[in-house]
Amino acid sequence: MAEEQTGQERTEEPTTRRLQQAREKGQVARSRELNTLLMLLPCAVALWVTGEMAMDAVTRLFTGALTPATTTMKTTGEVGAFLGYSLLSGLEMIVPFLALTVVVALLGPASMGGLIFSLQSMTPGLDKLDPIKGLGRIFSRKSLVELVKSLMKFFLVSGVAALVLLAFEDRVMGLIAMPVGEGIAQAGRMIMLTLILLSSSLVLVVAIDVPFQLWDHNRKLRMTKQEVKDEMKETDGNPEVKGKVRQKQREIADRRMLADVPTADVVITNPTHFSVALKYDQSGSTAPQVVAKGADLMAMQIRHIARANDVLIYEEPPLARAIYASTEVGDEIPGNLFLAVARVLAYVFHLRKASATDYIPRPSAIDLPEEYADIMDKELNDGD
């Protein structure tokens, strides 16, 4: 429907949410051929394995039921007890086979799509009564595939049956000369073996049908690009709104950061591209902390606030770049930069204590560790 409205093709794989919604509606990949195979083959093997024991048990049951001892059938109560015993004996033989049938009946859906219970799929809908849609389903691609599968199963099973009958031709003709009991047992074994071979022939159909059903289910749930975008808006929110929220969050964080600049001891600059404001508690045991940092326009704002609050601005381009690249606001100075920062802070603290006539020499060029060599090379290339 969305494809008709937007004119877009369903080229996108279904999202996890789309798959979950389809599952809630009972729309999962199913293979009737797999269910049929799992119903027939295990049951046929079970009959083959337990055939003789089951036949003996049935024979004893019917013999006992049809020829009861006359001494136990004199009153109505004895007849009821005899019938109850016969019924329980029959159930003891049938229940294990029925239990196996139930297990294998659930095994097919569980192995493909999983077991689900959906009320939505059971809710009647008017679209199911639409004759036009009904004709569309009859002449759809899926109906054509089902027809091909049916023909394939017919010819495959018929071919296997013909081969089995040819193989058993001599045995079948030999049944005439056998005693009744032995002939029935031999016929039963041939019937069970034939059922197993016919069931096994469906493996080829299942090998084709299961991948097709998975592909067809995935194809039906494919989405247009617009549907993917709409779902992202519903689940994650509108990208434009999220962008505005992030922008507001950055603005709040920047205002909070700029409010801490007056508390800094020094602002180390690039001098124009980067600014890093540092604070050091001399009475504590922690390393100097970055209270603000910025590039370009934000760097200029940090310098402006620093000048307005008499915070010393110290130009040391390589050091400013190194601190900016290796820390975030609130972080302590890395250990490999502590010596360089300590020289700057020592100069700052000496200036604070010096009188107006005292001369405090500025530290000579500050060397950075080798891992920051590329930063110094970039400074030379930028001409800072």
Side-chain angles (χ1 to χ4, degrees), residues 242-369 372 374-384:
K242 291 179 65 178
K244 291 181 179 179
V245 171
R246 285 195 294 268
Q247 182 180 357
K248 289 293 184 182
Q249 291 174 340
R250 285 194 297 269
E251 291 176 356
I252 294 173
D254 290 343
R255 286 197 296 269
R256 187 181 299 113
M257 179 184 68
L258 292 174
D260 292 334
V261 173
T263 65
D265 294 311
V266 64
V267 173
I268 303 176
T269 65
N270 194 39
T272 57
H273 297 311
F274 299 98
S275 293
V276 181
L278 304 179
K279 182 179 181 180
Y280 178 56
D281 183 6
Q282 299 183 63
S283 61
S285 59
T286 59
Q289 185 181 33
V290 178
V291 296
K293 74 170 192 174
D296 299 327
L297 181 60
M298 181 59 65
M300 183 178 67
Q301 292 180 355
I302 291 174
R303 292 194 299 271
H304 176 73
I305 295 175
R307 292 191 187 97
N309 291 273
D310 295 328
V311 177
L312 180 66
I313 297 177
Y314 189 95
E315 293 184 6
E316 188 64 34
L319 183 57
R321 280 186 180 272
I323 298 174
Y324 184 90
S326 60
T327 62
E328 296 295 336
V329 175
D331 291 350
E332 294 183 353
I333 295 299
N336 54 7
L337 292 177
F338 188 79
L339 182 59
V341 172
R343 294 183 62 186
V344 175
L345 289 174
Y347 172 71
V348 172
F349 294 146
H350 281 136
L351 283 180
R352 288 181 181 177
K353 296 178 181 179
S355 63
T357 58
D358 292 339
Y359 171 71
I360 306 299
R362 190 179 187 277
S364 58
I366 297 177
D367 296 328
L368 297 181
Y372 296 100
D374 57 335
I375 294 177
M376 291 183 283
D377 292 340
K378 189 171 183 180
E379 284 293 336
L380 294 175
N381 296 331
D382 291 345
D384 291 336

Qualifying side-chain hydrogen bond (donor to acceptor under 3.5 Å, both in side chains) pairs, either residue in residues 342-352, two or more places apart:
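Found Asp265-Arg352, Arg343-Ser364.
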To the nearest 0.5 angstrom, please state how far the [atom1] atom of [X] sits from the [atom2] atom of [Y].
| X | Y | atom1 | atom2 | value |
| --- | --- | --- | --- | --- |
| Ile268 | Ile323 | CD1 | CD1 | 4.0 Å |
| Glu332 | Tyr280 | CD | OH | 10.0 Å |
| Phe349 | Gln282 | CZ | CD | 4.0 Å |

Compare all side-chain heavy atoms of [X] with those of [Y] and state whether any distance is below 4.5 angstrom.
| X | Y | result |
| --- | --- | --- |
| Arg362 | Glu316 | yes |
| Leu258 | Ile302 | yes |
| Pro288 | Phe338 | yes |
| Val344 | Leu278 | no |

Which atom of [X] lies closest to which atom of [Y], heavy atoms considered:
| X | Y | result |
| --- | --- | --- |
| Pro334 | Thr327 | CD-CG2, 3.5 Å |
| Arg303 | Phe274 | NH1-O, 4.2 Å |
| Val291 | Ala264 | CG2-CB, 3.9 Å |
| Val290 | Glu328 | CB-O, 3.9 Å |
| Pro262 | Val311 | O-CG2, 3.9 Å |
| Tyr324 | Lys293 | O-NZ, 2.9 Å |

Verdict with supporting geometry, Asp296 and His273, side-chain contact (heavy atoms from CB on, under 4.5 Å)
CA-CA 5 Å; Asp296 299 327; His273 297 311; 3.7 Å; yes
Could you walk me through whether Ile313 and Arg307 pass side-chain contact (heavy atoms from CB on, under 4.5 Å), step by step?
CA-CA 8 Å; Ile313 297 177; Arg307 292 191 187 97; 3.5 Å; yes
Ignoring hydrogens and geometry, is there a side-chain-to-backbone donor-acceptor pair from Glu315 to Thr269 under 3.5 Å?
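Such a contact is absent between Glu315 side chain and Thr269 backbone.
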Show every ring pair (Phe, Tyr, Trp, His ring centres under 6.0 Å) that has at least one partner inside residues 287-310, sequence neighbours left out.
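Residue pairs with at least one partner in residues 287-310: there are none.
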Knowing that exactly one of Thr263, Val266, Asp260 qualifies, which makes a side chain to side chain contact (heavy atoms under 4.5 Å, CB included) with Lys279?
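By the side chain to side chain contact (heavy atoms under 4.5 Å, CB included) criterion, Lys279 pairs with just one of Thr263, Val266, Asp260: Thr263.
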